[in-house]
Amino acid sequence: MKKIFNYVVTKASQAGDCLLRKGKQAVCNARAFAVALLATAAGTVFAQSGDVSAGASALQGVTSDIAAYLPYVQALIYIIAAVLTAPNAISVFHEWQNGDQEAKKHTIALVGGAIFLVVAVQSLPLFFGAGE
């Protein structure tokens, strides 16, 4: 772990980022802090050993919880899509009736957004591995 930290400090100082200043630990920028944090996290993960069955059972429980929530999330996304699409459709219709030149672009954007939301909602169970 100490070797990893020293390597990170060396590389960061070569890139112009400093982690140590005047003998005190001081973070000079966010990138140097992120590198040090990732190195520390990787060291802790590699240092752990033992039984992983508790983690596997926890992940299985989370997977089943997500699968149980998916129909509600899908319905919520459909409601959000309807709430956002209806006023925009009225606005596009109003632009179209007034002969606005941007009406075609707004129509394409509205239809594209609606198609995206429908496809995203339908593929959500496949993304989380909870096929219907």
Side-chain angles (χ1 to χ4, degrees):
M1 183 66 181
K2 189 174 182 179
K3 288 181 181 180
I4 293 173
F5 187 74
N6 288 335
Y7 177 76
V8 169
V9 170
T10 305
K11 288 299 180 183
S13 64
Q14 289 173 355
D17 303 330
C18 59
L19 289 173
L20 301 174
R21 188 181 343 163
K22 296 182 184 177
K24 297 180 182 178
Q25 288 186 341
V27 177
C28 293
N29 64 19
R31 190 174 78 186
F33 179 71
V35 169
L37 184 65
L38 287 174
T40 305
T44 7
V45 168
F46 291 130
Q48 292 178 355
S49 64
D51 190 22
V52 294
S53 64
S57 63
L59 287 174
Q60 183 63 33
V62 169
T63 303
S64 64
D65 289 345
I66 288 174
Y69 284 123
L70 276 176
Y72 303 112
V73 171
Q74 286 177 322
L76 180 65
I77 293 174
Y78 279 135
I79 291 169
I80 291 171
V83 167
L84 293 177
T85 304
N88 287 327
I90 293 169
S91 172
V92 167
F93 180 75
H94 181 67
E95 289 176 0
W96 179 57
Q97 289 295 322
N98 289 335
D100 191 3
Q101 299 297 322
E102 299 290 318
K104 185 175 182 180
K105 289 181 186 177
H106 292 157
T107 303
I108 292 171
L110 178 66
V111 171
I115 289 172
F116 168 76
L117 281 174
V118 169
V119 170
V121 169
Q122 292 300 318
S123 63
L124 198 61
L126 299 175
F127 180 74
F128 286 107
E132 293 180 29

For Q101, look at atom CD and say whether over 12 heavy atoms of other residues, nucleotides or ligands are found less than 6.0 Å away. no

By side chain to side chain contact (heavy atoms under 4.5 Å, CB included), which residues pair with I79, not counting sequence neighbours? V83

Residue set satisfying side chain to side chain contact (heavy atoms under 4.5 Å, CB included) with L59, at least two apart, ordered chain then number -> none

Cluster overlap L117 with V73, hydrophobic side-chain contacts below 4.5 Å: yes

Honestly curious: do L126 and I115 fall in one hydrophobic cluster under the side-chain, below-4.5 Å linking rule? no

How close do L124 and Q74 get, counting heavy atoms only, and between which atoms? CD2-CG, 4.4 Å

I'd like to know if the side chain of S123 reaches the main chain of A120, judged simply by a donor and an acceptor atom lying under 3.5 Å from each other, with no hydrogens or angles considered. yes

Please tabulate, one pair per line, all N/O donor-acceptor pairs under 3.5 Å involving side-chain atoms of residues 86-94, not counting sequence neighbours.
from : atom 1 : to  : atom 2 : distance (Å)
N88  : ND2    : L84 : O      : 2.8
H94  : NE2    : N98 : ND2    : 3.0

According to the ring pair (Phe, Tyr, Trp, His ring centres under 6.0 Å) rule, which pairs have a member within residues 67-87, sequence neighbours left out? none

I need the full list of salt bridge (charged side-chain N to carboxylate O under 4.0 Å, His left out) pairs touching residues 95-109, with sequence neighbours left out, sorted by first then second residue. E102-K105

Mind jotting down which residue pairs meet the salt bridge (charged side-chain N to carboxylate O under 4.0 Å, His left out) criterion with at least one end in residues 63-86? Sequence neighbours excluded, please. none

When rounded to the nearest 0.5 angstrom, what distance separates CD1 in I66 from CG in L70? 7.5 Å

